[in-house]
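Values reported hereafter were calculated over all heavy atoms of this structure, with side chains retained and with hydrogens, waters and symmetry mates removed. Below, chain A is the first sequence line, B the second, and so on; all start at residue 1.
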Amino acid sequence: MAQSHVPNADKYYVPHSSPWPIYGSVTLFTVMAGAVATLDGWLPAWSLLPGFAMLAGLFILWFGTVIRENEQGLYNMAVDRSFRMAMMWFIFSEVMFFAAFFGALFYARALVMPWLSGDGTKLMTNILLWSRYHGTWPTNGPGALGPRANGSFESVPALGLPALNTAILLTSGVTITIAHHALLRGHRRRLAIFLAATFLLGFAFVALQATEYHEAYTKLGLQLGTGIYGSTFFLLTGFHGLHVTVGAIMLVVIWFRVMKGHFTPERHFGFEAVAWYWHFVDVVWLGLFIFVYWL
Amino acid sequence: MNLNRLTVNHIRPTRTRGAVLRRALGLLAASLLAGSTGAQAFPAMNMPVGVTVLSHDIYRIHMEVLWVCVAIAVAVFGVMITALIRFRHSKGAVPDTTMTHSTAAEVIWTIIPVLILVALAIPAARTMIKIDDTTHAGLTIRVTGYQWKWHYTYLGDASGIRFFSTLSQNSNFASQLDSGIDPRTVPHYLLSVDHPLVIPSGVKVRLLITSADVIHAWWVPAFGVKRSAIPGFINELWVKVLPGHEGVYRGQCAALCGRGHGFMPIVVDVKTPADFAKWVAAQKAALKQASAAPVPAATAPNEAPVARARIAAPASPLARRPLTARISD
Amino acid sequence: MAHAIEIAPDAHDAHAAHDGPDTGIRRWLFATNHKDIGTMYLTLSLIMFFVGGAMAMVIRAELFEPGMQLVDPAFYNQMMTMHALVMIFGAVMPAFVGLANWMIPLQIGAPDMALPRLNNFSFWLLPFAFTLLLSTLLVPGGAPAGGWTMYPPLALQFGDSFPMLIFSIHLMGISSILGAINVIVTILNLRAPGMTLLKMPLFCWTWLITAYLLIAVMPVLAGAVTMLLTDHFFHTSFFNAAGGGDPLMYEHIFWFFGHPEVYIMILPAFGIISEIIPTFSRKPLFGATSMIYATASIAFLSFIVWGHHMFVDGMPTSADLFFMLSTMLIAVPTGVKIFNWTATMWRGSLSFEPPMLFAIGFLFMFSIGGFSGLMLAMVPADFQYNQSYFVVAHFHYVLVPGAVFAIMGGVYYWLPKWTGNLYNMKLAKTHFWLSTIFVNVLFFPQHFLGLAGMPRRIPDYAVQFTDWNMVSSIGGFGFGLSQILFAIAIIQCVRGGKKATAEVWTGAAPHGLEWTIPSPAPYHSFQTAPEVR
Ligand code: HEA
Ligand code: HEA
Ligand code: CUA
Ligand SMILES: [Cu+2]
């Protein structure tokens with residue numbers, strides 16, 4: 001690869017051509033095709049593996065190229081600004097994704113449950129269809145759907161693992177901020193330490209979440225099929241957990257880049273993007289803690 | 001209770017394509033030369049006025065908003081057409097490039113539409129509140145949608161009467177792919193059933209609409225009502241047919257509910273209160289008489305060999321709670 | 001503002017940026033050039049328009065006469081569903097993204113889109129998404145058949161096509177979101193010096209606002225279909241009353257996406273019309289600033305009107321009332337736009353080149369669709385209109401002589417800029433007149449059918465609806481055949497023809513940076529940012 005060009009602050013870098021987008025499209029198609037084949041029972045679940053392997057490759061190759069170009073100084077401040085804006089609006093779209101599930105939670109709690117209990121104009125609904133039902137949250141609905149024969153289930157108390165997890169995530173929010181300040185002041189050692197602390201806290205969170213799920217499935221009678229409470233609980237916390245996992249992996253990547261000497265106090269878009277993402281994951285968790293576990 | 005006593009003429013061939021095309025083109029021409037045709041056979045173009053209290057209100061609102069739109073359209077399109085004629089480059093029009101905005105004009109054409117809309121909204125809101133008031137009903141009937149038929153259960157005084165209402169055989173045969181039967185020879189093609197719903201005129205009839213599987217919707221245009229049948233929930237609506245409008249009214253399921261969606265009509269036989277009482281008495285007598293027999297005639301679901309019903313619906317989401325069994329009688 | 005937007009040569013081969021495109025298939029597979037990507041989007045869109053149109057022809061053929069002649073009811077439902085999905089996600093939306101790709105950098109004086117690789121990714125997701133979607137026609141149980149709205153519980157009854165549908169929508173959603181991010185970043189970050197937001201062409205403005213709608217609602221659609229997926233495969237109860245869920249909840253979430261979605265399909269059209277009308281009126285756009293505010297108001301209102309699709313579904317009276325009023329309000333800013341366009345033509349000097357013809361057609365026929373929309377918003381009357389052909393007539397008026405005409409107008413407006421050749425004007429005008437006549441024959445009678453009580457989404461109908469259906473079908477075939485002229489005009493123009501000048505519409509008054517560069521636009525335009533006074 002020819003190190004041919006002296007970076008020019010006046011030039012907006014436009015790559016000439018790139019194989020990664022089409023490779024990425026093939027990758028996502030493979031992932032989706034694998035998921036279809038699995039869900040439709042055409043192939044066993046291993047049919048998902050090629051897609052995921054390609055996906056890992058995609059990130060390594062595409063981001064690798066971007067990082068390399070960046071390290072070569074091809075990106076001027078305008079490119080940097082583009083990346084920042086793109087990341088911000090991407091996070092906004094993620095917020096809207098969670099909004100759909102939060103919306104479902106609020107709608108079910110605030111409207112569906114009272115209606116099924118005969119509220120408002122839905123008296124006949126309750127009398128003719130669900131006469132024994134008087135909903136209180138958490139509920140698995142008038143059919144009392146769930147794994148237990150008697151239809152009962154327990155929810156995860158907010159003051160157990162969830163509170164601990166809240167503390168962990170909030171702490172990780174602090175550690176990454178310390179790391180950021182360290183980066184700005186050029187304290188590389190402190191940066192590395194606090195960044196490592198952040199992703200370790202992240203993985204601790206995921207591990208505790210897994211314990212909680214195990215508990216819910218085996219002891220509490222709380223499963224995906226446990227009515228609307230199970231549905232909203234697992235989809236909200238599940239998608240959040242997925243995002244924490246992805247965020248933590250990105251933190252690890254950033255940490256390796258720090259160790260390799262990437263990022264300067266002036267320019268560190270990669271670091272900031274991951275930090276923003278991490279804060280976003282943090283804020284979503286607060287919403288979850290309040291509306292799923294606590295209230 | 002079959003309203004279609006006529007038999008289907010199976011040998012009658014479909015019309016030839018030529019005739020069909022001629023007819024369509026003729027109609028096309030006729031509609032272009034609006035007014036030039038005799039009114040007799042001209043197909044319907046407007047909403048029916050209907051036969052219920054609400055349908056009259058609704059028709060009025062429809063005509064109001066229609067004429068408002070026509071008036072605005074005439075005004076706006078008139079200005080546009082004038083511009084298209086007067087300010088043509090080919091006629092040497094010189095553009096007035098200084099005309100770039102006018103706050104006064106913009107305020108005016110913001111305010112006027114707002115006023116028009118307010119004028120439209122008030123009667124609409126009033127009617128809406130009336131429509132949603134299902135209290136003080138004289139008769140309550142539960143309507144349950146199934147893939148693809150309706151089930152009616154009378155509550156209160158007439159309780160005990162319940163039956164399925166399914167597309168009539170004639171229509172069903174004729175509607176099979178390449179049946180060779182011309183639908184025009186089938187009486188009330190796609191709009192007739194084996195057991196119609198029977199209601200009295202002059203009485204506020206409350207309908208409790210729900211579904212046993214997917215979403216359906218109960219719609220009789222002449223009544224001005226339409227409500228979705230949502231599984232697990234009951235939506236209410238009311239119908240009060242004006243006295244003197246007894247007769248048979250027809251409608252269709254109005255929410256896509258699978259392959260049989262086009263084939264689950266609604267037929268309502270509106271009788272005078274006296275005739276209705278007779279009908280109820282007869283039904284009850286039949287019920288009592290048949291109570292010894294294994295399946296009472298009036299309640300036997302019409303399990304006609306509907307060819308398109310062959311795709312078995314997967315377990316309904318409500319399967320864990322049999323709905324049909326929970327009828328309060 | 002962006003002071004540093006010159007293009008930089010590629011590190012991998014330093015001379016590349018000065019050259020033209022790659023040769024062969026690499027040019028398209030590995031594309032990063034906004035013009036190449038725009039071309040691919042537009043091509044895909046045209047193909048999908050024909051695919052979706054072919055499905056519409058199946059619909060119209062079956063509905064020509066009462067009785068089932070051609071397809072069985074299940075297949076009819078599949079055609080109807082796929083027609084809508086293909087037209088919306090495959091034809092109209094990609095066409096607008098293609099136009100955005102071509103025109104936004106040219107109009108704001110940028111070297112390219114801000115994130116060229118992401119741009120290509122957004123595009124290439126689509127062919128795969130549609131491969132997935134269209135291949136549902138081949139799997140056991142057939143394609144999805146529950147309408148483009150995919151309401152549960154019906155949607156949960158689909159066969160093997162179900163996850164394919166969901167995942168293809170996920171892919172389309174990812175594509176739209178990434179594409180929208182690119183548009184936002186390009187417009188906010190890469191404008192040439194002096195190109196302030198208020199000087200920015202209306203097409204860019206409407207697209208900026210559309211892009212915000214996209215990133216706000218596409219994720220919500222993704223969430224909705226994800227809940228469908230888990231209800232189907234993982235026993236969740238989002239839309240099942242027995243578990244405390246509600247089928248209506250799906251409708252709320254879907255239409256929270258769905259209503260802004262219909263404006264996603266019309267706002268860029270407004271932008272195109274705002275470009276064309278001033279050019280051929282030889283007069284600046286009337287009230288340009290209020291046009292921007294009107295667009296923003298429409299976008300804002302679009303988030304709070306979704307319930308007008310659910311009036312008959314049993315919402316509380318107060319909700320019906322709220323949604324009725326908010327929906328009616330949208331007529332106000334839309335009216336401002338219509339009036340401003342009219343005022344632009346007033347005291348202008350109008351000529352009737354093909355783009356202008358399509359714009360004028362748009363003005364009239366979109367308004368007709370808007371009027372029927374207003375009628376639909378009146379709740380009591382909607383109890384009759386809902387789920388009838390009146391609704392079908394409404395949305396085809398806003399979508400076909402609305403969105404699609406605007407796209408065609410835009411293509412006829414900018415095609416010479418893209419290819420460097422003028423197209424056959426006579427052919428294009430014939431295309432316009434045939435389309436305009438037939439589209440009305442096709443969709444106007446559907447108003448009558450709906451009012452007379454014909455439900456939508458049915459493969460067969462009662463005999464009293466025969467006449468208008470025949471008229472409509474004849475209009476449909478005529479409209480479909482007319483579109484062949486569109487394809488011919490484009491192909492001829494790409495192949496060659498009279499050379500276009502930089503300004504293309506000499507004699508009219510085209511305004512904007514895109515007309516300052518040669519035709520065809522050079523592979524890399526604005527490598528040095530232009531100064532905008
Ligand atoms: C491009 C797409 C598009 C656009 C722009 C619109 C615009 C509007 N739509 Fe439409 N609509 C659809 C696409 C669109 N719609 C689709 C696809 C469906 C069906 C979905 C499905 O069920 O599958 C639908 C369905 C639909 C319904 C649901 C009907 C039902 O299912 O029962 C309603 C109800 O309120 C509605 C209303 C409106 C209104 C009020 C507008 C307004 O924005 C219109 C505003 C414009 C004007 C009013 C004309 C110009 C204005 C003037 C000249 C000013 C003066 C005018 C007055 C004061 C009246 N639409
Ligand atoms: C942008 C969106 C868009 C566009 C452009 C169109 C375009 C057309 N639509 Fe579509 N339509 C929808 C969006 C759109 N539609 C939606 C959202 C629905 C609702 C679905 C639902 O209920 O879920 C719908 C439903 C719908 C129905 C109602 C179905 C039903 O309820 O049962 C009908 C019926 O007439 C119809 C017809 C047509 C026709 C004839 C065209 C024509 O304009 C198409 C013209 C184009 C071509 C024909 C292709 C080009 C030409 C050729 C391929 C050459 C060959 C030509 C011949 C053989 C004649 N559409
Ligand atoms: Cu039942 Cu449509
Ligand atoms: Cu809408």
- Task: Say whether, by atom type as modelled, one donor and one acceptor occur between the side chain of Ser17(A) and the main chain of Ala31(C) under 3.5 angstrom.
- Result: no
- Message: Minimum heavy-atom separation for Val14(A) and Pro116(C), please, with both atom names.
- Response: CG1-CG, 3.9 Å
- Where does Ala144(A) contact chain C at under 4.5 Å (heavy atoms): side chain, backbone, both or neither? backbone
- Message: Below 30° counts as parallel, above 60° as perpendicular, anything between as tilted: where do the rings of Tyr107(A) and His252(C) land?
- Response: tilted
- Would you mind telling me which of Gly41(A), Gly141(A), Gly103(A) has the largest number of heavy-atom pairs within less than 4.5 Å of chain C? Gly141(A)
- Message: With a 4.5 angstrom heavy-atom cut-off, is it the side chain or the backbone of Val139(C) that approaches chain A, or both, or neither?
- Response: side chain
- All heavy atoms of Ile22(A) vs all of Phe128(C), minimum pair found to be CD1-CE1, 4.3 Å
- Task: Could you look at Leu29(C) and say if it's the side chain, the backbone, both or neither that has a heavy atom under 4.5 Å from chain A?
- Result: both
- Message: Less than 4.5 Å to any heavy atom of chain C: does that hold for the side chain of Ala86(A), its backbone, both, or neither?
- Response: both
- Message: Heavy-atom cut-off 4.5 Å, strictly under: side chain, backbone, both or neither for Arg26(C) against chain A?
- Response: side chain
- Cut-off 4.5 Å, heavy atoms of chain C, and the answer for Phe239(A) is side chain
- Would Trp20(A) and Phe121(C) count as a close aromatic pair, with their ring centres under 6.0 Å? no
- Note on the structure: Note: vs chain C, highest number of non-hydrogen pairs under 4.5 angstrom among Asn140(A), Val31(A), Asp40(A) is Asp40(A)
- Query: Can you find a heavy atom in the side chain of Ser18(A) that is under 4.5 Å from one in the side chain of Phe30(C)?
  - Reply: no
- Item | Heavy-atom contact with chain C under 4.5 Å, split by part of Leu224(A) | both
- Which atoms of Val26(A) come close to chain C, meaning under 4.5 Å heavy atom to heavy atom: side chain ones, backbone ones, both, or neither? both
- Among Phe162(C), Phe233(C), Phe234(C), Phe256(C), which has the most heavy-atom pairs under 4.5 Å with chain A? Phe233(C)
- Message: Quick check on Ile166(C) against chain A: is it the side chain, the backbone, both or neither that has a heavy atom closer than 4.5 Å?
- Response: neither
- Item | Interface residues of residues 114-125 of chain A facing chain C - non-hydrogen atoms under 4.5 Å apart | Trp115(A), Leu116(A), Lys122(A)
- Task: Looking only at non-hydrogen atoms, find the nearest pair between Leu132(C) and Met32(A) and report the distance.
- Result: CD2-CB, 4.2 Å
- Residues in ring pair (Phe, Tyr, Trp, His ring centres under 6.0 Å) with Phe254(C), at least two apart? Trp148(C), Tyr250(C), Phe257(C)
